[in-house]
Each structure stands twice: as C-alpha cells, then as structure tokens.
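Heads up: the structure comes next, in structure tokens.
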Amino acid sequence: MPDLTRNAVDVLPEGRLAEQLSADRPLRIKLGIDPTTADIHLGHTVVLEKLSEFQRQGHTVVLIIGDFTARVGDPSGRSSTRPLPSAEEIEANAATYQEQAFKLLDRERTEVRRNSEWLRMEPDALLGLLAQTTVARLLERDDFQKRLGAGVPVAALELLYPLLQGYDSVAVEADVELGGTDQKFNLLFGRDIQVAYGQTPQSILTMPILVGTDGVQKMSKSLGNYVGVTDAPEEMFGKLMSIPDEAMAQYYRLLLGSEQPAGPANEAKRKLGRRIVDRFHGEGAGAGAEEHFNRLFVDRGVPDEIPAWDIDPAAGEEPGTILLPQLIGSGFELSSSEARRLIKGGGVKLDGETVGPDILALPREALAGKVLQVGKRRFLTLFDSAA
RNA sequence: GGGGGAGUGUCCGAGUGGUUAAAGGAGACGGGCUGUAAACCCGUUGGCUCUGCCUACGCAGGUUCGAAUCCUGCCUCCCCCA
C-alpha cells in the first residue's frame, strides 16, 4: 500500500492519521477550494493528486467549493488583503471548478458541496461561531503578524476566514483535511472549531506549494506564472518547457510523484511536458504537443493551424494599401502604437521575412495569403475579404 | 473624538513652478545567443488618423505666461493616541 504521507510536509497531530487509517473505515477527506479565479492550475493539482490517492484507497473525498469563503478572502500567505471577486465571477468559476477537479478525482467517490449551503447562516448562529475564539488567537498567524508589524492593513473580514473554514469541517464532519503548507493555520484552527461543536478533531496534512513557471514565486493565476489544467496541449507543453531547470525536480516530485530522471535537462523537461500533457489531455497528446513545439521553436517553422485574419478593415486611405500598425494591432490585440514599435524593432515578419523598420503600409496584394508573425509565437494567415 | 502621514505610468519609486510623456529599478515585450532554461548583450515600454496631435502624476476647481510641483474643497488609504 502506497504511503499516503509521501511528499507531505506536515501530518498532524503526530501519529493520528495512522490511527485513523488503521480503523478500517472509509475516512472523510476534506479539501476546500475558493473559486476566486477562472481555472484550476497545476499548483492546485498537487493537493488534488494527494486527494486522489486517498480516494484510491477507498476513502471519501469531500470537495468544498468555497463560494461563500471566496467572498471573505483567505489571508493565508498573503502580504496584503486579497481583492475580492464579484458574485458573478464566483458563480461562474464555481461552475467550472468541479469539472476541472474531476480531471483528477473519481466522481464516484467524491462529494461536492458548496459552503454557502451552511455558511449563509442566521446571525445567532454566526455569533455562536464567533464566540468560539479570541482575537489573540486569530491574530497569532504568521501572515497577520508580518502585516501588523509592517503596518499593512488586515481587513476585519480576513479575521473571520479561519472560523468559516473551520466550520466547513464541522458541516461535513471531516476526518482529515488537506491543503497547501500555507493553509496550516486554517487547517489546525478547524480542529478547535470541531471540538467546540462536539466533534472529533480532524487530522491535517499539508502539501508543498508548487513554484510557478518563473521558478521563483508560488504558482498563481494573478502572477501569470501558472499552467492551467484546461490549457491547450501545445500551450501546456510550451509553458512547462519554459520553467527554469531548478524547478524541474520539484515538478517531477509533486506532479508526477517521481524523481527527475538523470541525463540532459532538456530531455527531462520534455518528458515532464509530455507526461503532464498526457495526463490532462489523454495519452498521446503530449507527443503531439511536443511535435508542435519542435516545429515552432526548434525548426523555427510555423504552426500547423493558424487563425485567419481579414486585412480589409485595416485599409488605408490610399487605395489598395493596408496600414500595418492597424492590422497588427487589431489582429494581435495590441495598440497600434505597440504594433508600430514592434515593426521598428524588427519583431514583425511576413512569410518569415522581417518587415523593414520604416514600412507602415503595404499593398493589399503583398499581404493577402501571407503569414503574419509577431515575435516568436504569434501567427495569423492573412486574407482579403474585399478581393 | 484628537494628532500625524500618504495618494505619480503595469508595479516599486524619484521628482516640490519651466525641454517632464515625467529619473531609476522591477516586470513585460521585441532582437541576438539558446534547450521558449539560466546567464549575458541590445532595443522598446500612455494613446492616436504619428515629422504632429491628444491624454496623463487621487477627484474638482483656482493662482500663473507656465503646475505632478502653489492655493481651496472633496474622496480614498495608512499610522499613532483615546
């Protein structure tokens, strides 16, 4: 039987999980995710993967979509108050989160709940919950201490977060709760809340935080260093190839559960890319994505599928000419000033040939049917709807 | 309730009446090198109908030939005391 604590950072209290596991009954394993952004990324999957391991050993996963807590803002690991998403955003994200989570979890053995079910409680009940702790206790956490020390504000709402998350554990009667290491305070706090409500406290297990594609900061959507589980295969492979070599070992360990193979870093990284793409897009998708990658970046060719773009709307005043800044701007969602600078900087190519720095307009015939390229990775096939 | 401080471009952060679209850094983007790694080098980094025009230093007014810089009001935020 595989070791469920593999890769875990904290498994608390000492020895408790082993006891629970030996009791020979299915445990209720809780994970809460707040739908604050549109997509689940690889960072989330580290914990989801662990959850799946529990599941494979017959335990029940309780996945909590934190549609209510998303409105409060988890202070965990934050150096400033989190910007709160709108109700619409939360709703939209909540809808897609579970689908994404099921890329890793077994539907049959997963209970999905939204915490607005029980957190949208009567004021009396809320007071009852608030009565369970003290401000000193809430302020103990390291992230608050740092912020208080640095004079960075702590929103009153944030103070409530651990109480609410803890109450989730009460509501679903969790035996074990998982989370990233940044969740340690919240997870432990949940134990106290459970005791206050007469339940046996959960044990907790924390997993390391995956570093983002920049190799420095934790993976997060807002930092733009993430690989989304819904990213297209090519995109996913490309992003994985761009991670720093030093981050690779961690990716292997946390995402694939294996050690980085010996040998050239480039080889190992390609393998990482293939395996992860396969996982989310099906066997063979990784190889396809790699081919695409090779064509694009190794052979410096053009991708097999390039979106078409109509040049006509960029027609200039002189008959028969197309204004390049306008064309590039609209085609690649850049401002025309940006496009102008790109041309000047030699970053624009037509059928592989760099467009001269002073060329701001070209005859329609010179553009229709050609491939317009900006930088290394953005392409459009041009056509002329007026022709 | 009282006192103090702050709001500048994606972010950090200079600038306290005159080439200031606003130093510097980070980030990002483009080019070179390459393994879309790292390191390094170069360039760009408000918008546009681009040899010029427009918008911009929390908001609204005002003083001035001229303001991010001075004045008035407002808004927001932070800290301390109570």
Side-chain angles (χ1 to χ4, degrees), chain A residues 79-81 83 144 146-158 211-217 220-227 231-252 260-261 263-274 276-277 289-303 313-318 321-350 352-361 372-379:
Chain A
S79 54
S80 61
T81 302
F144 284 168
K146 282 191 183 132
R147 280 157 70 176
L148 291 171
V152 178
V154 172
L157 210 48
E158 294 180 270
V211 75
T213 53
D214 58 1
V216 180
Q217 294 181 278
S220 114
K221 171 108 178 193
S222 56
L223 293 173
N225 62 359
Y226 74 107
V227 180
D231 283 353
E234 295 77 20
E235 175 106 359
M236 202 179 256
F237 190 88
K239 283 182 180 177
L240 288 166
M241 285 304 286
S242 77
I243 67 173
D245 290 356
E246 302 76 64
M248 214 187 337
Q250 192 191 40
Y251 274 56
Y252 261 97
Q260 176 183 337
N266 187 29
E267 276 313 306
K269 204 179 283 179
R270 284 167 176 278
K271 189 173 177 193
L272 173 80
R274 286 195 301 270
I276 291 178
V277 172
E290 183 175 22
E291 261 177 57
H292 174 93
F293 173 86
N294 286 339
R295 198 166 338 122
L296 208 49
F297 299 107
V298 180
D299 307 333
R300 302 241 170 174
V302 294
E317 290 187 6
E318 285 192 34
T321 65
I322 296 295
L323 302 171
L324 287 178
Q326 277 67 21
L327 175 66
I328 295 164
S330 54
F332 297 102
E333 294 185 323
L334 302 168
S335 72
S336 66
S337 296
E338 271 180 297
R340 210 175 280 269
R341 287 185 222 114
L342 282 169
I343 295 171
K344 198 178 287 178
V348 175
K349 290 179 184 167
L350 257 185
E353 293 199 30
T354 303
V355 173
D358 299 318
I359 300 181
L360 296 177
L372 178 67
Q373 177 182 0
V374 165
K376 288 175 185 160
R377 47 187 304 190
R378 287 175 284 181
F379 299 86

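Reminder, nothing fancy here: chain letters follow the sequence lines and each chain counts from 1.
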Gap separating the CZ atom of A/F379 from the CG atom of A/L296, nearest 0.5 angstrom: 5.0 Å
For B/rG62 versus B/rC54, give the span between their C1' atoms, rounded off to a whole number of Å. 24 Å
What residues form a side-chain hydrogen bond (donor to acceptor under 3.5 Å, both in side chains) with A/Q326, not counting sequence neighbours? none
Please report, rounded to the nearest Å, how far the P atom of B/rC29 is from the CD atom of A/E333. 15 Å
For B/rC50, does either OP1 or OP2 sit under 4.0 Å from a side-chain N or O belonging to A/S336? no
Distance, P atom - from B/rU45 to B/rG35, rounded to whole angstrom: 31 Å
Rounding to a whole Å, what distance do you find between A/Q217:CD and B/rA28:P? 10 Å
Not counting sequence neighbours, which residues clear ring-ring contact (aromatic ring centres under 6.0 Å, His included) with A/F144? List them please. none
Here the gap from A/E338 atom CD to A/I328 atom CD1, rounded to the nearest 0.5 Å, amounts to 11.5 Å
Whole Å only: how far is the CZ atom of A/R270 from the P atom of B/rG35? 10 Å
Partner of B/rC57 by Watson-Crick or G-U wobble geometry, both contacts under 3.5 Å, or none? none
If you restrict it to nitrogen or oxygen atoms, what contacts under 3.5 Å exist between nucleotides 32-34 of chain B and the protein, and what is each distance?
unit_1, atom_1, unit_2, atom_2, d
B/rU34, O4, A/R300, NH2, 2.8

Of the listed B/rC29, B/rC50, B/rA37, the closest approach to the A/R340 side chain comes from B/rC50
Using the P atom in both, what is the distance from B/rC75 to B/rC59, to the nearest Å? 15 Å
With P as the reference atom in both, quote the distance from B/rA23 to B/rG43 in angstrom, rounded to an integer. 16 Å
When the C1' atoms of B/rU10 and B/rG27 are considered, how many whole Å apart are they? 8 Å
Check whether A/Q250 reaches the backbone of A/Y252 with its side chain - one donor and one acceptor, N or O, closer than 3.5 Å. no
Once you round it to whole Å, what is the distance between P of B/rA37 and CD of A/E246? 12 Å
Residue set satisfying side-chain hydrogen bond (donor to acceptor under 3.5 Å, both in side chains) with A/K344, at least two apart, ordered chain then number -> none
Kindly give the atom pairs (protein nitrogen or oxygen, nucleotide nitrogen or oxygen) under 3.5 Å for nucleotides 5-11 of chain B.
none

Has the side chain of A/E267 got a donor or acceptor atom that lies under 3.5 Å from a matching backbone atom of A/P264? no
Starting at atom CG of A/D358, determine the distance to atom C1' of B/rC50, rounded to an integer number of angstrom. 13 Å
d(OH, A/Y251; C1', B/rA37) in whole Å: 12 Å
Contact class for A/Q326 (heavy atom, under 4.0 Å): base, sugar-phosphate, or nothing? sugar-phosphate
Please collect all salt bridge (charged side-chain N to carboxylate O under 4.0 Å, His left out) contacts where either partner lies in residues 231-240 of chain A, sequence neighbours excluded, each pair once. A/D231-A/K239, A/E235-A/K239
Rounded to whole angstrom, note down the C1' distance from B/rA22 over to B/rU55. 14 Å
Between A/D214 and A/D245, which is nearer to the 5' end of RNA chain B once each is assigned its nearest nucleotide? A/D214
CG of A/L240 versus P of B/rA37: gap in Å, rounded? 13 Å
Going through the checks in order, is the side-chain contact (heavy atoms from CB on, under 4.5 Å) test met by A/R340 and A/L324? CA-CA 8 Å; A/R340 210 175 280 269; A/L324 287 178; over 6 Å; no
Sugar-phosphate only, base, or nothing, as touched by A/G346 at under 4.0 Å among non-hydrogen atoms: sugar-phosphate
Provide the distance between the two C1' atoms, one in B/rA56 and one in B/rG7, to the nearest whole Å. 15 Å
What pairs with A/R295 under salt bridge (Lys or Arg N to Asp or Glu O under 4.0 Å), at least two apart in sequence or on another chain? A/D304
Contact class for A/L323 (heavy atom, under 4.0 Å): base, sugar-phosphate, or nothing? nothing
Applying the Watson-Crick and G-U wobble criteria at under 3.5 Å, what pairs with B/rU45? Answer none if nothing qualifies. B/rG27
Taking B/rA21 as the reference, what is the distance to B/rG9 when you measure between their C1' atoms (whole Å, please)? 9 Å
Residues passing the salt bridge (Lys or Arg N to Asp or Glu O under 4.0 Å) test with A/E291, sequence neighbours excluded, are none
What does B/rU63 pair with, Watson-Crick or G-U, if both distances are under 3.5 Å? none
A/L342 meets the side-chain contact (heavy atoms from CB on, under 4.5 Å) criterion, sequence neighbours left out, with A/L334, A/V348, A/V374
Applying side-chain contact (heavy atoms from CB on, under 4.5 Å) to A/Q217 and not counting sequence neighbours gives A/D214, A/L223, A/N225
For a quick check of understanding: with a heavy-atom distance under 4.0 Å over all strands, which category does A/K269 fall into, base, sugar-phosphate or nothing? base
Listed pairs, N/O of protein and of nucleotides 40-46 of chain B, under 3.5 Å:
none

Tell me the interatomic distance from A/L342, atom CG, to B/rG30, atom P, rounded to whole angstroms. 7 Å
When you measure from the side-chain N and O atoms of A/R378 to the phosphate of B/rC29, is any distance below 4.0 Å, counting only OP1 and OP2? no
Test of understanding: with salt bridge (Lys or Arg N to Asp or Glu O under 4.0 Å), list the residues that count as partners of A/E290, not counting sequence neighbours. A/R270, A/R274
Closest-nucleotide ordering on RNA chain B, the 5'-leading residue of A/E234 and A/P325: A/E234
